[in-house]
Structures are given as structure tokens and as C-alpha cells.
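Remarks on the structure that follows.
Values in this document were obtained by computation on a predicted structure and should not be read as measured data.
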Amino acid sequence: MAAAGLSGHELSDLCLGKPPPRSLSVRDTVADALAALKRIDDTYVSVWNCNHSFIRKQQPQIKSQEQLQCCCTCIGKVCMVDIICFLSKPQNLSSPSAAFLSPISALLHDNSAVLVRHLPPTTSLLEAIDVMHEGVQNLVIPIQIQFESLNSNNVHHNNNTTYCWLTQEDVFRYLLNSIGVFSPTPGNPINTLGVIDTQNLFAVCYDDPASSILDLLALSLLYQSSIAIVDPNGKFGGEISPVMLNSCDESVVPAIATLSAGDLTAYIDCGGPPEDLVQLVKERVKEKVEEQNLLELLGDETTGTGLTSWSSFSSSCSSDEEFCSGKNWKLGGYSAGVGRRSEAIVCYRWSSLVAVMIQALAHRVSYVWVVEEDGTLTGIVTFQGMLKVFRDHLKSMC
């Protein structure tokens, strides 16, 4: 009976106290997205099909009736990992200036519109969980703000409407407050609940080039997971986490292009990159420039596309001590309030569901790695997988 009551709770209950998301316009550029993410504490900025953008104060305009009736819609979201992956593409390495001027739509995934969905505030919790079970990561809920400061940076859409941005983490924190309703399921081992994912398991070896992770990074954003670092025997040795990369900025691109996957884990650590790795990146960028200059003198026209970028990276690394050093990162380990080491969160197949859930929420991640006692990586548990268990329980009680 209690579960049935919980499933009927409305999304407006989850929106209490949550600030509106920072919004960018589809007409903004990659450079605008980068500047926005550096200015805010949020991991993501939402992208809308209208002109409303918190980074560009729009001048008041007289709108036609047709424009007034036009509906502002959130069409996706962008994070620092999206920008890093975009800048790391060969065509963008060859012309970084042009890449920054690209429209923000270049950062959106093909299925970005599937990852976000507008819902009314009267939507029930169970209905919201159903939507998230389909793969939606963020719910956009219209809210009313009774009091707002004059210097507020909130962006208003659709006749001064503001929105709440709900994530799967928000839903799980709400469920945790009523975890007893689901007893005894939360206390059961995860290997008895079918939540361990062994199919969508992204992993690379320590010595693999860091550049080989770019496609996997895009997939890890889609599945809200991470990339494991394993040895030749399948032993888990760490991870390259989108969470950690989101605390970096564009200065990590040369490191991805020149380091191994294992070295990159140390480079993006919240304690800041070790000086020896900073020097290694500088040396390898310089080697790239010298190699391309030599090939160009020998008449190899195939290297011309990369010459501009490596020269600019080399110049930046030589002239700017902060570039390639990590000191201009948003978190970067230089803030005691948020810095943490990039230690991966692991559990065992006999760990209880609620224990895994609390691990993920405590570390602000949407997944937990599953290992054996000897350290062998066997799977991963994500919010998406755990959500199915709570969804099935709520439906069985309705």
C-alpha cells in the first residue's frame, strides 16, 4: 500500500529547491558552450531550440503572434566531455579555431533528443520512472518561481516559464528516503536481481593509446557509465571516467592525443597532473611538430592537415605554463571542497542492491564496477539497471 502511494507522488515534489538549469541556444557555438561550462558548477548545460541563452543577454524585441506561440523546447545537453571529444577529432585538431566557431549542434549526439524529455509537473513518479526506463536521462519540468532576485541569471522560456532539470540521481535520492517500502528487495545481492551488465562493458588496456577511448567516451555518456583500465589478465586497474574528464577543459586534448590510457588516468586525477607527465606531453607534442615539419620538407602532403594544430599546441605548451599543466581546470584538485582522487568505485556480485545504490549516490556517479575477489572485472551496475528493479516492484504493488 505504501509503495502504491509512493508511485503516485508527483514530479513537482522532486523539484522542490532545485534551481533551473542553465540554458544555451541552438544558435550558440562550441566556444559559447565551453565558456558556459567554465562559469558554472553544473556538469551539463541544456540546449534549446530558441534564442534564450544565459551566456548571451538577448535584447528585448517586439514579437509577432506566431513567435509568441512558438514553443521553447530542450533538444539536448552538453558537457565538457562532449567538447573534449569534439576537439580531439582529426579534422578539428587541424583547425581548432574553426572548431570553436562550430554550432553547438555539432556537440549533440544523434539521439540527444531521446535523452531529454519534457513532462508536466503533475506526472507521477512511476510514470517518470517508466520514461527513464526507456533511456531518458533528464526530465524537463515547468516550475513557478514566486520570488527571484533582480540579478538572477535564470533564463525564462515560453511566456516567462522556468524549468526544473531532474536526473536519474534525483529519482534515486528520492527513492532512498522511502527505501523501506521496497523491503526485502534492496537487501538482496545484486547477482540475484539481474542488474549486473556484462554486455555494455567498456574497457581498454593500460598501454593502449588514450586517443583510442574517444568512441568509448561517447558511448559511456550514452550509457552513463565509464571506461575501465584492465591488465592482460582482465584485472581491474582503474578507470577513465567522464566524471573526472568533466572537471577538465580543452587543455587535456594534447594529453589524450599523446599519452597512453594508463598515463591519462594519472594526468586527469583531481590532485593535478604529475610534472613528469606534463613534460612528457610537451615533449611529444614537440616531436609531432618536428616530425610533420620534416615530412613536409620531404614532400609528404598527407601530413599538412595536422601541422597547424600541433604547432599551435606546441606554442601553447611553451608559452602558457597553465596550458597542459591542468591548473586552469574547473575542479583540478585545487579546490579542497570538491577535489578527490580518481579512485574507481567497486562492489562484488554478492553486494546488496541498497549498498551499491548508496555507493553510487555518495560518490555522485551513476555506476559501480563489479569485480571478483582477485580483482577481475566482471561487470558494471548502472542507475539504468537498478531503476528496472524499483520500477517492477512499484508496478507489482499498484
Side-chain angles (χ1 to χ4, degrees), residues 22 24 28-47 53-55 77-89 92-93 95-104 106-108 210-211 213-214 217-218 220-221 226-227 239-259 261 263-275 277-282 284-285 309-310 312-342 364:
R22 298 305 180 101
L24 292 179
D28 287 328
T29 65
V30 171
D32 292 327
L34 179 62
L37 286 166
K38 287 183 176 182
R39 282 174 53 180
I40 64 177
D41 293 328
D42 297 333
T43 302
Y44 289 90
V45 288
S46 57
V47 181
S53 173
F54 91 94
I55 206 167
K77 59 180 182 176
V78 168
C79 66
M80 192 63 75
V81 172
D82 292 315
I83 296 176
I84 291 170
C85 289
F86 178 72
L87 295 178
S88 297
K89 293 180 178 180
N92 294 328
L93 282 173
S95 184
S97 297
F100 282 120
L101 296 177
S102 300
I104 198 172
L107 301 175
L108 299 177
S211 57
I213 70 168
L214 293 174
L217 272 176
S220 66
L221 287 177
S226 184
I227 303 170
E239 66 175 347
I240 299 175
S241 164
V243 174
M244 295 301 297
L245 278 174
N246 273 332
S247 69
C248 305
D249 63 17
E250 75 278 10
S251 66
V252 78
V253 172
I256 293 177
T258 56
L259 295 178
D263 284 339
L264 183 63
T265 61
Y267 192 92
I268 64 175
D269 188 277
C270 263
E275 184 59 32
L277 287 182
V278 173
Q279 292 302 319
L280 181 60
V281 170
K282 291 181 180 180
R284 288 182 175 175
V285 167
S309 67
W310 287 115
S312 64
F313 281 144
S314 179
S315 176
S316 297
C317 285
S318 299
S319 61
D320 188 346
E321 287 298 323
E322 290 188 350
F323 193 84
C324 294
S325 71
K327 292 182 181 179
N328 54 344
W329 296 354
K330 183 162 62 174
L331 299 183
Y334 296 93
S335 171
V338 292
R340 69 172 177 85
R341 295 190 62 80
S342 52
R364 301 299 303 276

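Proximity of D82 to K77: side-chain heavy atoms (C-beta onward) are nowhere separated by under 4.5 Å. Counting heavy atoms from C-beta on, the side chains of V45 and I40 come closer than 4.5 Å. I104 is not listed as a side-chain neighbour of D32, based on a closest heavy-atom distance of 4.5 Å or more.
L277 contributes atom CG, which lies 11.5 Å from atom CD1 of I268 (distance to the nearest 0.5 angstrom). Interatomic distance, L24 CG to L37 CG, rounded to the nearest 0.5 Å: 7.5 Å. Annotation: the span from C79 atom SG to I84 atom CD1 amounts to 8.5 Å, rounded to 0.5 Å. D28 CG to L34 CG: the interatomic distance, rounded to the nearest 0.5 Å, is 12.5 Å. Atom-to-atom distance recorded for L245:CG and L217:CG is 6.0 Å, nearest 0.5 angstrom.
One N or O on the side chain of N92 and one on the backbone of F86 form a donor-acceptor pair closer than 3.5 Å. Side chain of S241 to backbone of I227: no donor-acceptor contact under 3.5 angstrom is found. Using a distance-only test at 3.5 Å, with no hydrogens or angles considered, no donor-acceptor pair links the side chain of D269 to the main chain of A266. Between the side chain of D42 and the backbone N or O of Y44, no donor-acceptor pair lies under 3.5 Å. Without hydrogens or angle criteria, N246 side chain to V243 main chain gives no donor-acceptor distance under 3.5 Å.
Minimum interatomic distance between P273 and Y267 (heavy atoms only, all atoms of both residues): CB-O, 3.3 Å. Between P242 and L221, the closest heavy-atom pair is CB-CD2, 4.0 Å. Among all heavy-atom pairs drawn from V285 and P254, the shortest one is CG2-CB, 4.1 Å. Across all their heavy atoms, A33 and I83 have their closest contact at C-CD1, 4.0 Å. Nearest heavy-atom pair, E239 versus S226, reported as atom, atom and distance to 0.1 Å: OE1-OG, 2.8 Å.
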- Query: Can you check side chain to side chain contact (heavy atoms under 4.5 Å, CB included) on L264 and I213, steps first, answer last?
  - Reply: CA-CA 11 Å; L264 183 63; I213 70 168; 3.9 Å; yes

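Considering only residues two or more places apart in sequence or on other chains, S211 meets the side-chain contact (heavy atoms from CB on, under 4.5 Å) condition with P209.
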Tell me which donor-acceptor pairs under 3.5 Å the side chains of residues 96-103 have, and how far apart each pair is, sequence neighbours excluded?
{"residue": "S102", "atom": "OG", "partner": "A98", "partner atom": "O", "Å": "3.3"}
{"residue": "S102", "atom": "OG", "partner": "A99", "partner atom": "O", "Å": "3.1"}

